[in-house]
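Worksheet for the structure shown next.
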Amino acid sequence: MALLEIENLVVEFQTASGPFRAVNGVSMKVHEGEVLAIVGESGSGKSVSMLAAMGLLPWTANVTADKLTFNGRDLLSMPPAERRQIIGKDIAMIFQEPVASLNPCFTVGFQIEEVLRVHLGLDKAARRKRAIELFEAVGIPDPAERLGSYPHQMSGGQCQRVMIAIAIACNPKLLIADEPTTALDVTIQKQILDLLMKLQADHGMGLIMITHNMGVVAETADRVVVQYKGRKMEEADVLTLFENPKSNYTRALLAALPDNATGDRLPTISELFVDDQMEGAAR
């Protein structure tokens with residue numbers, strides 16, 4: 001049984017000019033212990049698809065699906081209170097902007113201990129002990145002292161590690177990492193990716209990696225879903241995707257990589273890919 005199973009997911013937002021369809025019939029599965037990458041350019045519906053699965057979209061979003069289950073439980077028909085018990089505990093997400101996602105008014109220690117209080121019911125001493133253990137696990141130096149820091153007192157890389165610590169605090173079955181290395185320098189990117197893969201292997205979590213970095217995909221993923229304009233263009237294991245992509249859009253993504261470029265300038269995806277509206281629907 002799949003850990004997360006999505007069939008024909010549609011997400012529409014109500015706007016002044018009418019409904020806007022951000023996700024159009026996306027289907028995917030992720031199993032326990034598997035790393036699934038979701039790739040595509042900005043605006044392709046990657047993050048919206050996962051936020052819809054977690055129930056974190058605003059009231060303006062209309063979410064429908066033929067199937068949206070976690071561990072065999074229907075997320076769409078589940079009462080909000082029951083869903084809140086799962087989100088943050090069994091399904092956790094590392095958001096795209098760590099500094100913006102952390103509350104600037106509270107210390108990072110308070111924010112991680114709040115998760116432990118709500119989902120695990122730990123007392124104050126147990127929460128602090130667990131928070132220190134988590135900070136040590138994600139490589140934050142002087143963890144006991146760092147619990148008293150505010151987000152603005154930490155670097156971007158450290159804030160990302162705090163976000164990871166919060167996400168794994170309750171040992172989730174599924175971890176969603178939304179652009180976890182965006183805006184980090186290359187050295188920190190490597191450290192964060194290595195940390196995520198170690199945590200995934202140690203805990204046997206399912207891991208969904210949302211990214212537009214094909215190098216990250218090649219390094220981490222078992223399977224890949226390619227999205228464009230809210231539609232799934234292709235799904236394949238990582239080796240097949242790089243060696244024998246079926247979708248014209250996937251071929252355009254790969255051809256736009258610096259290592260694959262020829263000539264004096266990098267081609268744009270729009271130069272390489274002619275949008276066939278039926279391509280995604282046929283897959």
Between [atom1] on residue [X] and [atom2] on residue [Y], distance to nearest 0.5 Å:
| X | Y | atom1 | atom2 | answer |
| --- | --- | --- | --- | --- |
| L122 | K129 | CG | NZ | 10.5 Å |
| F135 | I164 | CZ | CD1 | 11.5 Å |
| H212 | S42 | NE2 | OG | 5.0 Å |
| E113 | L147 | CD | CG | 6.5 Å |
| E234 | T250 | CD | OG1 | 4.0 Å |
| N244 | K246 | CG | NZ | 4.0 Å |

Salt bridge (charged side-chain N to carboxylate O under 4.0 Å, His left out) pairs touching residues 155-172, sequence neighbours excluded, are none

Residue pairs meeting salt bridge (charged side-chain N to carboxylate O under 4.0 Å, His left out), one or both in residues 15-26, sequence neighbours left out, come to E12-R21

Do [X] and [Y] make a side-chain contact, defined as non-hydrogen atoms from C-beta onward lying under 4.5 Å apart?
| X | Y | result |
| --- | --- | --- |
| I6 | S49 | no |
| L4 | L36 | no |
| C159 | L102 | yes |
| T220 | L196 | no |
| L3 | H31 | no |
| L175 | Q200 | no |
| R146 | P141 | no |
| Q111 | P151 | yes |

Only counting residues at least two apart or in another chain, list the ones meeting salt bridge (charged side-chain N to carboxylate O under 4.0 Å, His left out) with [X].
| X | result |
| --- | --- |
| R223 | E34, E235 |
| D202 | K198 |
| E32 | none |

Does the side-chain contact (heavy atoms from CB on, under 4.5 Å) test come out yes or no for V48 and F13, once each step is laid out?
-> CA-CA 11 Å; V48 172; F13 292 92; 4.1 Å; yes

Contact summary for [X] and [Y], nearest pair of heavy atoms:
| X | Y | answer |
| --- | --- | --- |
| P180 | I192 | O-CG2, 4.0 Å |
| Y249 | Q227 | CE2-O, 3.5 Å |
| G25 | V10 | N-CG2, 3.7 Å |
| V39 | K46 | C-CD, 3.6 Å |
| A167 | A92 | O-CB, 3.0 Å |
| R130 | I168 | NH2-O, 3.8 Å |

Sequence neighbours excluded, the answer for side chain to side chain contact (heavy atoms under 4.5 Å, CB included) partners of A201 is none

Residues passing the side-chain hydrogen bond (donor to acceptor under 3.5 Å, both in side chains) test with S47, sequence neighbours excluded, are D178

Residues at least two apart in sequence or cross-chain that pass side-chain hydrogen bond (donor to acceptor under 3.5 Å, both in side chains) with T240, listed by chain then number, are D237

Joint cluster assignment, [X] & [Y], ILVMFWY side-chain distance < 4.5 Å:
| X | Y | value |
| --- | --- | --- |
| L116 | V108 | no |
| M197 | M163 | yes |
| M28 | L76 | yes |
| I112 | L120 | no |
| V216 | L195 | yes |

Give a yes or no on whether a salt bridge exists between E5 and K67, defined as a side-chain N under 4.0 angstrom from a carboxylate O. yes

Quick note, side chain to side chain donor-acceptor pair (under 3.5 Å) partners involving residues 100-109, not counting sequence neighbours, are none

For residues 56-66, run the donor-acceptor check on the side chains, cut-off 3.5 Å, and write out each pair with its distance to 0.1 Å, sequence neighbours left out.
residue	atom	partner	partner atom	Å
D66	OD2	N8	ND2	3.3

Ring pair (Phe, Tyr, Trp, His ring centres under 6.0 Å) filter on F106, not counting sequence neighbours, yields F110

Evaluate M209 against E219 for side-chain contact (heavy atoms from CB on, under 4.5 Å), listing each step before the verdict. CA-CA 11 Å; M209 187 84 70; E219 205 173 310; over 6 Å; no

Donor-acceptor pairs under 3.5 Å, side chain of residues 84-91 to any protein atom, not counting sequence neighbours: which ones?
none

Subject >> Worked check of side-chain contact (heavy atoms from CB on, under 4.5 Å) between V162 and Q158 >> reply: CA-CA 6 Å; V162 171; Q158 286 179 326; 5.6 Å; no

**OP:** Would you check if the side chain of E82 reaches a backbone N or O of P79 as a donor-acceptor pair within less than 3.5 Å?
**Re:** no

